[in-house]
Amino acid sequence: MQLVISSTENSLKLESLLKNDYRASLNYTNQRVLDEHVASRALLQKVLIEFYGINYLPEIITLQSGKPCFKEARFPFFNLSNSGKYLALAIGKSEIGIDIEFERKRHNLEGLIKRVCSKKEQVFLLSLDEITMLHEFTRLWTVKECLVKTTGKGLVDVDMLYIDPVENNCGYYNLPSSNQICSTSLNFPFTDKLAYLSFSCNKKTEGGYEFYCIDADGNLVKTEDISVEKIYENFSLRDLIK
């Protein structure tokens, strides 16, 4: 399984890998959104060439939940996320979710936590100092997004979305217990300010994961400087409803 971090700017340098009329075929009126879409597809094409020897971008469909995937099952699973001017891509042999979020100041963080977090999450977060609270809130948000994006079902039965930030356990109603959510923080030189990245992988079938970045010349570069900080073991639905 490969995980790739890139700025939109660096991924746009890969646009020549796509069909000549790819950009023209898109119906976006917002230039930023257009660039983000083209950059994400160019990044995906680069990774397909490098790791799978696939020299064209297979047809991509969008599930009802909004999750994109390749139409043909013979191609690998992938998932994309963007935040600010950065992209994150995960690709592998089993269902995947990934989310990247930049940390930003919140006007009333405690109030937000009480509105959007479970009681267990609230107890954990509100026990922390202000700086650490913001760090861990941002991390938990990426874990939540990652759980939802992995299933490809959207926020269905959201009350079944479960995270224990103390025991590092998590679960969502139809995510297999063989999955786990890995989380880490990112900063320079991978991003220009603090961000958090969470991704799911199947611990039974995946042969580990590797981190890469796209440099200023559009090259895919492996890095050993990103390491997972937390692993959330996943429960199955049966475990959650006991």
Side-chain angles (χ1 to χ4, degrees), residues 1-6 8 33 36-37 39-40 43-44 62-69 77-92 94-106 109 112-118 120-122 124-125 133-165 168-176 179-187 190-191 193-202 209 211 226 228-235 237 240:
M1 175 179 175
Q2 292 81 34
L3 301 119
V4 187
I5 312 299
S6 175
T8 301
V33 175
E36 286 177 353
H37 178 93
S40 70
L43 176 61
L44 179 56
T62 302
L63 302 178
Q64 188 174 3
S65 64
K67 182 176 183 177
C69 63
F77 292 90
F78 74 92
N79 200 227
L80 287 151
S81 178
N82 71 282
S83 183
K85 55 184 180 181
Y86 284 85
L87 300 167
L89 165 68
I91 190 164
S94 60
E95 198 65 74
I96 292 172
I98 191 168
D99 190 63
I100 183 172
E101 298 285 345
F102 278 98
E103 185 176 278
R104 58 188 176 90
K105 290 185 178 180
R106 307 279 182 167
L109 180 58
L112 179 62
I113 288 170
K114 291 175 181 178
R115 289 198 305 274
V116 304
C117 293
S118 69
K120 184 166 289 190
E121 293 162 4
Q122 289 179 37
F124 169 72
L125 291 170
M133 187 189 304
L134 181 57
H135 292 340
E136 293 304 317
F137 173 79
T138 308
R139 184 196 302 278
L140 280 176
W141 193 261
T142 67
V143 174
K144 289 173 183 282
E145 288 284 345
C146 189
L147 284 166
V148 170
K149 292 179 71 178
T150 301
T151 64
K153 300 293 184 182
L155 289 173
V156 179
D157 294 338
V158 69
D159 56 323
M160 296 303 295
L161 184 63
Y162 172 86
I163 300 174
D164 185 332
N168 293 336
N169 293 322
C170 67
Y172 193 35
Y173 79 109
N174 64 346
L175 186 64
N179 278 66
Q180 60 185 11
I181 307 295
C182 302
S183 180
T184 191
S185 57
L186 299 169
N187 209 334
F190 308 104
T191 55
K193 56 183 179 178
L194 183 62
Y196 285 87
L197 177 78
S198 292
F199 62 93
S200 63
C201 62
N202 190 314
Y209 41 81
F211 290 100
I226 302 176
V228 169
E229 296 168 344
K230 286 191 176 184
I231 295 178
Y232 297 81
E233 296 294 334
N234 184 61
F235 287 114
L237 172 61
L240 286 174

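More than 12 heavy atoms of other shown residues, nucleotides or ligands fall within 6.0 angstrom of atom CZ in R106.
Using bins of under 30°, 30° to 60° and over 60° for the plane-to-plane angle, the ring pair F199/Y209 lands in the perpendicular bin.
The nearest pair of heavy atoms linking K114 to Q122 is O-NE2, 3.4 Å. Heavy-atom minimum distance, Y172 versus T151: CD2-CG2, 3.3 Å.
Look at K230 and E136 and you find a salt bridge, because one of the NZ, NE, NH1 or NH2 atoms lies within 4.0 Å of a carboxylate O, short of that distance.
Counting heavy atoms from C-beta on, the side chains of S118 and Y162 never come closer than 4.5 Å. Using a 4.5 Å cut-off on side-chain heavy atoms (C-beta onward), V4 and I91 make no contact. K144 is not listed as a side-chain neighbour of V116, based on a closest heavy-atom distance of 4.5 Å or more. The shortest side-chain heavy-atom distance between S185 and L194 falls under the 4.5 Å cut-off. Counting only heavy atoms from C-beta outward, the side chains of T8 and N82 never approach each other to under 4.5 Å. The side-chain heavy atoms of S81 and K149, taken from C-beta on, include a pair separated by under 4.5 Å.
Interatomic distance, OH of Y196 versus NE2 of H135, reported as 4.5 Å (0.5 Å rounding). Rounded to the nearest 0.5 angstrom, M1 CE and I98 CD1 are separated by 6.5 Å. Of the inter-residue distances, the one linking C146 atom SG with I181 atom CD1 reads 4.0 Å to the nearest 0.5 angstrom. Put simply, CG on L197 and CD1 on I100 are 5.5 Å apart, with the number rounded to the nearest 0.5 Å. In this structure, CD1 in I163 is found 10.5 Å from CG in N234, a value given to the nearest 0.5 Å. Annotation: the span from L140 atom CG to E145 atom CD amounts to 12.0 Å, rounded to 0.5 Å.
Panel note: side chain K67, backbone N79; no donor-acceptor pair is recorded below 3.5 Å. Listed for the S198 side chain is no donor-acceptor partner under 3.5 Å among the backbone atoms of S183. For T142 (side chain) and E101 (main-chain N/O), no donor-acceptor pair under 3.5 Å exists by modelled atom type.
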Apply side-chain contact (heavy atoms from CB on, under 4.5 Å) to the pair Q180 and C201, showing each step before the final yes or no. CA-CA 6 Å; Q180 60 185 11; C201 62; 3.7 Å; yes
For the pair C117 and L125, evaluate side-chain contact (heavy atoms from CB on, under 4.5 Å) and give the outcome as yes or no after the intermediate values. CA-CA 9 Å; C117 293; L125 291 170; 3.9 Å; yes
Under the side-chain contact (heavy atoms from CB on, under 4.5 Å) rule, what do Y232 and L147 come out as? Steps first, then yes or no, please. CA-CA 11 Å; Y232 297 81; L147 284 166; over 6 Å; no
Kindly determine whether F190 and F211 satisfy side-chain contact (heavy atoms from CB on, under 4.5 Å), including the steps that lead there. CA-CA 11 Å; F190 308 104; F211 290 100; over 6 Å; no
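Scored by the salt bridge (Lys or Arg N to Asp or Glu O under 4.0 Å) test, E103 finds no partners at all (sequence neighbours excluded).
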